[in-house]
Amino acid sequence: MELREILESERIKEAKKGFNLAFQTYLTNKQKALEGIDEEDLKRELRRIKEYSIKNLFALKAKAIDNLEKQGVKVFEAKDSKEAKEILLKLIPEGETIVKSKSNVINEIGIEDLEKRNEIIETDCGDFLVQISEESSVHPVTPALHLTVDRIVRVIEKRFGVRLEEKPEKIVKWVRGYLREKILKAKIGLSGANIISADGGIFIVENEGNISLVSRLPEKHIIVASIDKIVSTIQDAITICKALAIYGTGASLPTYINVISSPSKTADIQKQIVYGAHGPKEVYLILLDNGRSRIIEEGLEEILYCINCGACLYFCPVYRQIFDNYGYKYFGGRGVSLISFIFGVEKAFERGLFYCTTCSACKEQCPLSIDIPSLIRKVREIAVKKNLTTKTNLEMIENLESVGNPFGETIKEKEIPDKLYCC
């Protein structure tokens, strides 16, 4: 689809309405959440944590695997999406219902093969609404940002025969009742993770409570996480959890921070540890690389400093116009940089590598001050070496070589050219 078609589509027009309302609320809430906090100190600490973690990633990964396995978590390493999917298919029996929580990494690998043989229920409210609307997520934290209340009500009535008032609280109440029944019956829980500490903790942040249920009620809990989620200590992980709440949703703290270090267990009978008390009998962790080692090898490790709060997207002038059409599974300038290593620079070029204006709004709003414009320029260099560039760029180069300016030879003094170029 061409950009003009995207901009004029009803989906994007609807998304802008929902986004504008959410954006104002986000700004107000974030300002309140930051009251009493030295934001610059917090940003410096976050940057320190991620710089150290990525610099020492492979040593920390080995330590995390060792500690988690000692505690009874079964850990698998997957070099790419194909391996991760193969592991999932082996761990999950055919026909079992899976209750799933929101996960960008699971979305990254794709679970179409699993969906063909298992019923997968999205339990995050936003993801569930996206699923039943036959839509796709537009934001890593609030996936249903583009869905208006009246559309959600229409979808629920059409699919389930239930007519709800056009009020968010009525929708949430119905979703809770519908999903609770599914979660109680499921034997497989599938989730991502926000942070993994090398000293043996898997951290999952949430506000709704669905992840608490998904990770505790089924007999088997499977976690899929990328290797860049690993940090050194539990204390570092808690700092990131706090930042995720502030910059992700505008809350001072998440409602829940789930820390999983083993399957459920009890030592109440003569101090003998028995696994499988009230929670899962088995916990599995799949650690995904999928191009991240190569990012470090290429010297672009700053891409991996991201904590996936999505704050940059609220302020990106390109994202605000075309939403999930800017990126692929990961959005905005950072998303485009990342997918060039996961799905190839050709995919990044196709999904907006040259859309970025390098205005630096993302860098200003990022809690780690990630220099996304610089990363974009470096990935563009990789693309140009593969002869991937835009028609406009080729015109500019041709004009520069022939007449010494990007606009061509027809410009008169003080005349505004027909075409104005940026970046």
Side-chain angles (χ1 to χ4, degrees), residues 1 6 9-23 26 81 84 98-112 114-115 120-149 151-152 155-156 159 168 171-172 175 179 190-194 204-208 210-211 214 224-226 229 244 247-249 288 290 306-314 316 318-339 342-343 347-348 350-352 362:
M1 189 182 289
I6 292 169
S9 68
E10 289 303 316
R11 180 177 183 270
I12 292 300
K13 290 176 183 177
E14 183 179 49
K16 286 180 180 178
K17 291 178 185 177
F19 176 87
N20 289 335
L21 291 170
F23 180 56
Y26 169 78
S81 295
I98 302 163
V99 283
K100 174 183 167 295
S101 71
K102 180 168 56 192
S103 167
N104 294 317
V105 176
I106 294 174
N107 187 41
E108 172 188 329
I109 66 174
I111 50 174
E112 297 81 9
L114 202 57
E115 289 172 329
I120 300 177
I121 306 295
E122 297 284 356
T123 63
D124 172 83
C125 183
D127 271 336
F128 174 71
L129 295 174
V130 165
Q131 184 185 48
I132 65 172
S133 300
E134 297 180 349
E135 265 283 358
S136 55
S137 168
V138 300
H139 192 275
V141 179
T142 46
L145 191 68
H146 58 309
L147 300 179
T148 57
V149 170
R151 182 178 175 189
I152 293 168
V155 167
I156 291 173
R159 287 192 63 135
I171 295 169
V172 171
V175 169
L179 291 179
L190 180 62
S191 78
N194 295 99
I204 311 176
V205 173
E206 63 167 329
N207 288 315
E208 295 180 17
N210 62 304
I211 300 175
V214 165
V224 186
S226 54
K229 300 289 177 69
L244 282 169
Y247 294 96
T249 62
L288 178 72
N290 216 21
C306 178
I307 61 172
N308 291 295
C309 66
C312 58
L313 299 178
Y314 287 107
C316 173
V318 179
Y319 173 80
R320 290 169 64 121
Q321 296 303 313
I322 59 174
F323 298 97
D324 55 331
N325 294 285
Y326 183 28
Y328 176 69
K329 302 197 176 185
Y330 296 96
F331 309 126
R334 187 267 176 174
V336 169
S337 303
L338 179 63
I339 68 172
I342 296 174
F343 302 105
K347 175 62 80 172
E350 174 193 325
R351 301 293 297 189
C362 50

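Throughout, numbering of the chain's residues begins at 1 and tracks the sequence.
Under a 4.0 Å N-O distance rule, the pair Lys17/Glu14 does not qualify as a salt bridge. Note on Lys102 versus Glu208: no salt bridge recorded, every NZ/NE/NH1/NH2 to OD/OE distance being 4.0 Å or above.
Both cation-pi conditions hold for Arg320 and Phe23: the charged atom is under 6.0 angstrom from the six-membered ring centre and inside a 45 degree cone around its axis.
Rounded to the nearest 0.5 angstrom, Leu288 CG and Ile342 CD1 are separated by 7.5 Å. A distance of 7.5 Å separates NE2 of His146 from OG of Ser133, quoted to the nearest 0.5 Å.
A donor atom on one side chain and an acceptor atom on the other are found under 3.5 Å apart for Asp324 and Ser136. A donor-acceptor pair shorter than 3.5 Å can be found between the side chains of Asn290 and Ser81.
Under the 30°/60° scheme for interplanar angles, the aromatic rings of Tyr314 and Tyr26 are found to lie parallel.
Not a single donor-acceptor pair under 3.5 Å links the side chain of Asn107 to the backbone N or O of Ser103. Under a 3.5 Å cut-off, the side chain of Lys229 and the backbone N or O of Ala193 do form a donor-acceptor pair. Side-chain N or O atoms of Arg334 include none that pairs as donor or acceptor with a backbone N or O of Cys306 at under 3.5 Å. When atom types are taken as modelled, the side chain of Thr142 and the backbone of Ala144 share no donor-acceptor pair closer than 3.5 angstrom.
Among all heavy-atom pairs drawn from Asn325 and Arg351, the shortest one is CA-NH2, 3.5 Å.
A side-chain contact (heavy atoms from CB on, under 4.5 Å) with Asn194 is found for one member of Leu244, Asn308, Ile211, Asn104 and no other, namely Leu244.
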